[in-house]
A.B. asks: 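Pasting a structure here, questions to come.
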Amino acid sequence: MATTTPSRGRRRAPSRMTRAAGKAAALQKPRVILALLLLLALTSVMLLDGYLRAEVGGDERVRSNASSSKVPDKVLDGGPILSFRGGEAQSQSVPEKTIALTFDDGPNPTWTPQILKILEENDVPGTFFVVGSMVSRYPSIVKDLVNQGNEIGIHTFTHVDLSYQSDDRIAREMDQTQLALAGAAGITTTLFRAPYSSEADAIDNYSWPVYKKLGEEGYTSVFVDTDSDDWKRPGVSKIIKWATPSKNKGASVLFHDAGGERSQTVKALGTYIKKMKAKGYTFTTISGAIRQTESANQQANGQTGQTGQNGQQPGSEQGEQSEQVGGQAPGGQQGQQGQQPGQDGQLGQSGQAGGVNSLQAAHRTATGTTLYEGKALVAAVAVAEWTVPGLATGLAVVGVAVMGRFGMMLILARRHYRQRNKRRFSWGPTVTQPVSVIVPAYNEKECIANTLESLAKSTHPIEIIVVDDGSTDDTSRIARDAARSFGMTNVRVIRQENAGKPAALNNGVRSASYDIVVMMDGDTVFEPDAVHQLVQPFADPEVGAVAGNAKVGNRNTIIGAWQHIEYVMGFNLDRRMYDLLRCMPTIPGAIGAFRRDAVLEVGGMSEDTLAEDTDITIAMHRGGWRVVYQEHARAWTEAPASLKQLWSQRYRWSYGTMQALWKHRKSLTDKGPSGRFGRVGMPLVVIFQIITPVFAPLIDVFTAYSMIFIDFKAALLAWLAVLGIQLVCAAYAFRLDREKYRYLLMMPLQQLAYRQMMYLVLIHSCITALTGGRLRWQKLKRTGEVGTPAGVS
């Protein structure tokens, strides 16, 4: 055993390191928060989209056959228009030979424009009872509808039966629809039609309080006289027949411009309008019908001028009153009873600005907070409308890619196993010459003795170089004492000022006596034949580096078991695949071997990235060397024992990988082995280690979302199917590595907890990379619980 003079490395003043570490820590917290906020924002967008489609908060219950004993007879026997002026229920009918065309469930981008075109061609207005979620999704259609002179009414936001809902839910349904109208067309409305309602005599004891409450808030509820039943798609002739009033009666007629396939409605509407006009019918809106009825009543009572009771001014030239429909603006703001005269059929000061067509008397111009909140809602919905389908498409692509990767891994892993385990397989003549084992160590007092003890049992001739990278504990002394106690004369302990792991490895490579160098971590223990197995591929002169089989030694905890599954399935199956494709991206720091001259040729271990193992591996490819995987060379390493340490380690790994890929991006255009890695290995790493994991949390969010709001059984079966595929892959990987299957019992929990953390780590790393942040090499706390291989196997 020999001790050499410490080599000069990059000097770091403690005070400067402390300041840098403090600054780095200060920068990491905002990035973690930003990563979480990103995921929260995307989740919120999904929930908004689901709410718009009545998947979140949806309620498909519809009440029927309830008693109407508490409903006044004058309401049940009255007309289809119900208001509560002065707090008293008042029913109105549509005048004789007059039709108020009403359309429910829209707007719809396919059918509503076609219906609007028919109405315009026939110079007929309509009253559209719109669903707020549809308004916010298709605001331009609503704007066209209003500009054409049609009238708008509320049909709730999510098309729910309000008789089942709480007062708060009812208020939300109305207010959100008003906001959607404000954002889409700059208006609010006083008209309302309840989903699943029909004629006034269908009001029951459960829905009556809803109509009464809304009426007191200024809403006019509209029912049906004649129902076309077009939703049943009975044929054009029956739709026309069922929509026709009997005996020249006036009617509020129901059609639908959404809620299903409406081609029959479109075909029937034009014919229906022409037929009714031929019979002498006129068409108006609900507000128009109200004014005609009131005007007729006033004329019958000799009240064509000023009405003393209400203090109203004279109306328009037609004698129509410009009274606010419902008597009070929704939301509790009382309309003005002493209204000014209208001009050219326009309203004056009736709780809205002038300039709104008289056929739209139920409309109010949205102003102030309502207008801006409405525009914000429409904008948010527009984002959701573009984002969620885009994400869904992207996730479908990711899902197909991930499944394809699983399939490719299984096929290539099986081929690799069968190829490398044939009796006649050989790399060439047996490699027997001594090799140098380099052990970089920084504060490894808990582990270094176990590491040296395992190397003392090596079946291959080795020299051991322990490079103490400025440890502040007794690592050097313990290493020398352990070497003496194990009777090892082949150990050198080199001390250097703290310069980082790459510098320590480079120091060891320069000091190595042999042509092949094996690199390992100071917390790792080798199996007795690990070195011998690891160096055999060097019999092939094309091989420049070999990746060993790293295993988790402290696997008896939950975190350890999760990492054990990840190492066996993710790392080792991947390495088999990459080996056959000749594009191995990483030789693990825990166990890897290199030709010494090749390492020096590519510039040694670089300090440019935090993933020096990935960096040197890619550099070997670019140097023209072949990199292979040796499954029989096994080493046992101590995995992080806490979530905090695990986060630190994986954060460094993922960020360092991104740095290494960016550093070697020119390999994409190289020729030979370098170009092969650039055009095969680099895309695989980017797709499956960066892009797909970034999207993976959204898959889980979609799955949880589907379970809660859409179809629990279907979503659960899909999740179990994916888990089943992963279990098959994991079980096969365990079989190839001759591992015990009992650890796979932890896999469902790993998918629910551990995997989410890995996603957040990757997102955190991506944000750090995009914001130009930098990380310093991080030392994990060790316990030394991984002893000799026999103790953990």
Side-chain angles (χ1 to χ4, degrees), residues 80-81 94-130 138 140-153 185 189 191 193 222 224-231 233-246 248-293 318 320 344-346 356-363:
I81 303 170
V94 178
E96 287 191 2
K97 301 206 76 171
T98 302
I99 289 177
L101 282 177
T102 66
F103 300 88
D104 281 7
D105 297 345
N108 177 276
T110 301
W111 309 115
T112 305
Q114 296 183 49
I115 288 174
L116 288 177
K117 183 178 180 181
I118 294 172
L119 295 179
E120 186 176 27
E121 289 173 348
N122 289 274
D123 195 23
V124 167
T127 301
F128 290 78
F129 289 92
V130 295
Y138 308 110
S140 62
I141 298 177
V142 178
K143 189 173 182 179
D144 291 342
L145 190 155
V146 174
N147 290 340
Q148 187 175 308
N150 298 288
E151 194 166 53
I152 299 287
T189 184
L191 295 181
R193 173 177 282 164
V222 181
V224 178
D225 286 313
T226 304
D227 190 346
S228 68
D229 278 339
D230 58 341
W231 62 274
R233 303 187 64 202
V236 171
S237 59
K238 286 188 176 180
I239 290 175
I240 294 173
K241 178 182 178 181
W242 293 343
T244 302
S246 61
N248 294 329
K249 291 182 178 180
S252 166
V253 181
L254 174 61
F255 289 91
H256 294 82
D257 65 320
E261 208 275 347
R262 295 290 175 253
S263 60
Q264 290 185 3
T265 302
V266 172
K267 291 178 181 178
L269 185 59
T271 303
Y272 173 77
I273 292 172
K274 291 179 176 63
K275 174 184 175 181
M276 300 314 295
K277 282 186 174 181
K279 287 187 174 184
Y281 274 83
T282 59
F283 291 83
T284 187
T285 62
I286 292 297
S287 293
I290 292 173
R291 289 192 299 277
Q292 289 180 34
T293 301
Q318 291 84 1
E320 294 179 355
D344 298 327
Q346 296 178 346
V356 180
N357 191 290
S358 62
L359 292 177
Q360 302 171 324
H363 295 176

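The analysis underlying the following values was restricted to heavy atoms, covering all of them including side chains, and did not include hydrogens, waters or symmetry mates.
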A.B. asks: Any pair with a residue in residues 94-128 that passes ring pair (Phe, Tyr, Trp, His ring centres under 6.0 Å), sequence neighbours left out, goes on the list, sorted by first then second residue, please.
C.D. replies: Phe103-Phe128, Phe103-Phe255

A.B. asks: Determine, stepwise, if the pair Leu191 / Ile152 fulfils side-chain contact (heavy atoms from CB on, under 4.5 Å).
C.D. replies: CA-CA 7 Å; Leu191 295 181; Ile152 299 287; over 6 Å; no

A.B. asks: Would you give the length of the straight line joining atom CG of Asp257 to atom CG of Leu116, rounded to the nearest 0.5 angstrom?
C.D. replies: 8.0 Å

A.B. asks: With the side chain counted from C-beta on, respond yes when Ile115 and Leu269 share a heavy-atom pair under 4.5 Å apart, and no when they do not.
C.D. replies: yes

A.B. asks: Show which side-chain atoms of residues 118-126 pair as donor or acceptor with protein atoms under 3.5 Å away, not counting sequence neighbours.
C.D. replies:
residue : atom : partner : partner atom : Å
Asn122  : OD1  : Lys274  : NZ           : 3.3
Asn122  : ND2  : Ile118  : O            : 2.8

A.B. asks: If the condition is salt bridge (charged side-chain N to carboxylate O under 4.0 Å, His left out), which residues does Asp229 pass it with, not counting sequence neighbours?
C.D. replies: Lys232

A.B. asks: Do Gln264 and Ile239 come within less than 4.5 Å of each other through their side chains, counting heavy atoms only?
C.D. replies: yes

A.B. asks: Can you pull out every salt bridge (charged side-chain N to carboxylate O under 4.0 Å, His left out) where at least one residue sits in residues 110-119? Sequence neighbours excluded, please.
C.D. replies: none

A.B. asks: Taking Thr293 for the side chain and Arg291 for the main chain, is one N or O donor matched with an acceptor at less than 3.5 Å?
C.D. replies: no

A.B. asks: Does the side chain of Asp225 reach to within under 4.5 Å of the side chain of Val253, using non-hydrogen atoms?
C.D. replies: no

A.B. asks: Around atom NZ of Lys267, are there more than 12 heavy atoms of other residues, nucleotides or ligands at under 6.0 Å?
C.D. replies: no

A.B. asks: Nearest 0.5 Å please: distance from the CD1 atom of Ile141 over to the OG1 atom of Thr112.
C.D. replies: 5.5 Å

A.B. asks: Any side-chain heavy atom of Ile286 sitting closer than 4.5 Å to one from Ser252?
C.D. replies: yes

A.B. asks: Does anything in residues 233-244 pair up under side-chain hydrogen bond (donor to acceptor under 3.5 Å, both in side chains), and if so which pairs, sequence neighbours excluded?
C.D. replies: Arg233-Glu261

A.B. asks: Mind checking side-chain hydrogen bond (donor to acceptor under 3.5 Å, both in side chains) for Asp104 and listing every partner two or more places apart, or none if nothing turns up?
C.D. replies: Arg193

